[in-house]
Amino acid sequence: MASITLNKLVKRYGNGKTVNQVIHSVSAQIDDGEFVVVVGPSGCGKSTLLRMVAGLEEITGGEISIGNRVVNTLEPSERDIAMVFQNYALYPHMNVFDNMAYGLKIAKVPLVEIQARVDKAAKILELGEYMQRKPRELSGGQRQRVAMGRAIVRQPQAFLFDEPLSNLDAKLRAHTRLEIQKLHRELGITSLFVTHDQVEAMTLAQRMMVMNAGVMEQFGTPEEVYSRPATTFVASFIGSPPMNLLKNAPDARPGTIVGIRPEHLDITATGWALRVDALEMLGFERLVYGRWLHGAGNELVIVRSDETQPVPGLDTIIHVTPRADRLHTFDAATGKRL
Amino acid sequence: MEKRVRFKSSWLPWVLIAPQMAIVLVFFFWPAGQALYQSVLTQDPFGGSTEFVGAENFQRLFADETYLASFKTTAVFSLLVAVCGLGISLLLAVMANRVMLGSGIYKTLLIWPYAVAPVVAGVLWLFMFASPMGVIAFWLRAVGIEWNHLLNSNHAMTLIVVAAVWKQISYNFLFFLAGLQSIPKSLIEAAAIDGASPWRRFWTIVFPLLSPTAFFLLVINVVYAFFDTFGIVDATTQGGPGKDTSILVYKVYYDGFKALDMGGSAAQSVVLMAIVVTLTVIQFRFVEKKVQY
């Protein structure tokens, strides 16, 4: 068990003119036993960050500590972490038992204890009947569980997950999400989980780190990130459909952007006037796409309505009112929350 | 799921494989048939008369001590070629796989020897080892080794092994490198996190995953040492000193074209054919079934 501290972490590739900085001074403190999800679009540096914690990428600048021990120069094996890879990285020539026992054998754990630990992990993950199978004889979900088992048996200070669910189909992904949650409740091991999927981030995280272009945009609970996004990037990345970021809202101060989530706009008798541009009927939920009636630019406003409301006709004019306590204001120049 | 193409016409498949079949017929079945036929005949050295003798050529062959000695020579030679060839090329491939800068140049240079004809490879090494002027013979004398492959049969064997290995390394290297590059990097990383040292990672993860490649190359190298090294032997030692580097394929040539014993030579060809068929069968059986993970 351990906390993980990132202190002004920097990663740069290349040197001289071709230098490419992928992580820009990220600092964060992950508490002992906490489940933290790093989320961001592809290429934002989230996997690199994780691999730096694992020791698979060199650290250009700053410091990583695991359990109050600076690990910058330690080999991956000395950091006492376990990692679950996106492609699971199971050893194809070993059966499930040997895959899980490999690290323990190297650590010279007595055979009786290896057996006990692997059996326990197999029981938790319901892998008991597959112990003699090779990875190629397993389904995607089973392989994923073996990869988790390999991490569990090591009893490490921290778990690192590199998009472990992205190779599963949607149904299995939802199921595995719940399994991981349950596992974390039972084992309580500090976990760092990287994903590009905001649903995974929102459901799994105790706190989430939103990254964009190598910069940590926000670090907070899913609730905080949803209700008080720190930047326009976070506002547009978390939530589906994304938050409306409006430069031309009727009562906006110049130099600011008004943010309002589609679910916080109500169709009312008076208020912001919009011409209905398109409709998306998604069963219970309806998305109304409107444009300003005051003709300011091409700005699209999304309104989330539901089946209790009348359906507005296309090209008709509707009025919407934002819920005052749900309005966000951002600086137009920096994108930061005001 | 049926993945093979199914032809509706009955003659089209035969037409499509006809060119290949014609080549195999002319360059394999016909000479092989000739060898089989010749092996049961005996011919006088000037080709004047031919007589059917049944299995007598084979009986004579297996009673011949020099033939059995040639088997032993071939076994030693092919074992050395295969082991040295695979070992060195695996080492080179592992190193090339780690090289980042200039890897293209390094790989290209390593592939060049494959384009050299066996005879040229033989002559190349013959010059370097030629006593007393050859560069390697010169160095060896400087460290106190009096090199003479014309008199010392161990020296002669070393010379043909070196030339044969040098030429085959490129081929082995390419296959090993391709094999290494097909191992996902995350496997190595997972093993590193599991605490395996680089040495242990190689022997418990990389090498087992390369074993199908290694087995394939082992068979290919043995076949190469058996059959394709004729040029090297002929250009360097010509089977000498005595018959100490006279491998089977060289003896076939020598007995047939130098000693003019056509029947005996043909019988040796038939034995070689049996060996290559056996190796091929092993290759197909094992590579496709046993050496799998």
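Computed over heavy atoms, backbone and side chain alike; hydrogens, waters and symmetry mates excluded. Chain A is the first sequence line, chain B the second, and so forth, proteins listed ahead of strands; every chain is numbered from 1.
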Q: For A:Ser77 and B:Ala192, work out which heavy atoms get closest and say how close.
A: CB-O, 3.4 Å
Q: Using heavy-atom distances under 4.5 Å, tell me whether A:Ile81 contacts chain B through its side chain, its backbone, both, or neither.
A: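 For A:Ile81, the contact with chain B is made by backbone and side chain together.
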Q: So, for A:Arg154 and B:Asp194, which heavy atoms are closest and what is the spacing to 0.1 Å?
A: NH1-OD1, 3.2 Å
Q: So, taking the atom named OH in A:Tyr91 and the one named CD1 in B:Ile188, what distance separates them when rounded to the nearest 0.5 Å?
A: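 One finds 9.0 Å between OH of A:Tyr91 and CD1 of B:Ile188.
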Q: Give the minimum heavy-atom separation between A:Pro76 and B:Ile193, together with the two atoms involved.
A: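 Residues A:Pro76 and B:Ile193, closest heavy atoms: CB-CG1, 3.9 Å.
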Q: Could you tell me whether the side chain of A:Arg150 and the main chain of B:Ala190 form a donor-acceptor pair under 3.5 Å?
A: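 Checked: no pair found.
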Q: Any idea which heavy atoms bring B:Ala196 and A:Ile106 closest together, and the distance?
A: CB-CD1, 3.4 Å
Q: Under a 4.5 Å heavy-atom cut-off, does chain B meet the side chain of A:Leu56, its backbone, both or neither?
A: side chain
Q: Out of B:Pro184, B:Ala191, B:Ser197, return the one with the most heavy atom pairs under 4.5 angstrom to chain A.
A: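 Highest number of heavy-atom pairs under 4.5 Å: B:Ala191.
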Q: Around atom CG of A:Asn68, are there more than 12 heavy atoms of other residues, nucleotides or ligands at under 6.0 Å?
A: no
Q: Give a yes or no on whether A:Gln181 atom CD has more than 12 heavy-atom contacts from other residues, nucleotides or ligands under 6.0 Å away.
A: yes
Q: Checking A:Phe85 against chain B: side chain, backbone, both or neither under 4.5 Å from a heavy atom?
A: side chain
Q: The test is side-chain contact (heavy atoms from CB on, under 4.5 Å); show your working for B:Glu189 and A:Met83 and say whether it passes.
A: CA-CA 9 Å; B:Glu189 291 173 347; A:Met83 185 156 166; 5.9 Å; no
Q: Do other residues, nucleotides or ligands put more than 12 heavy atoms under 6.0 Å from the CG atom of B:Leu12?
A: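 More than 12 within 6.0 Å, yes.
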Q: For A:Arg79, is it the side chain, the backbone, both or neither that has a heavy atom under 4.5 Å from a heavy atom of chain B?
A: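 No part of A:Arg79 comes within 4.5 Å of chain B.
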Q: Could you tell me which non-hydrogen atom of A:Leu90 sits nearest to which non-hydrogen atom of B:Leu187, and how far apart they are?
A: O-CD2, 3.0 Å
Q: How about A:Glu126: does its CD atom have over 12 heavy atoms from other parts shown lying under 6.0 Å from it?
A: no
Q: So how far is it from B:Thr204 OG1 to A:His93 NE2, rounded to the nearest 0.5 Å?
A: 6.0 Å
Q: Do other residues, nucleotides or ligands put more than 12 heavy atoms under 6.0 Å from the CZ atom of B:Phe207?
A: no
Q: Given heavy-atom pairs under 4.5 angstrom as the criterion, report whether the side chain, backbone, both or neither of A:Ala147 touches chain B.
A: neither
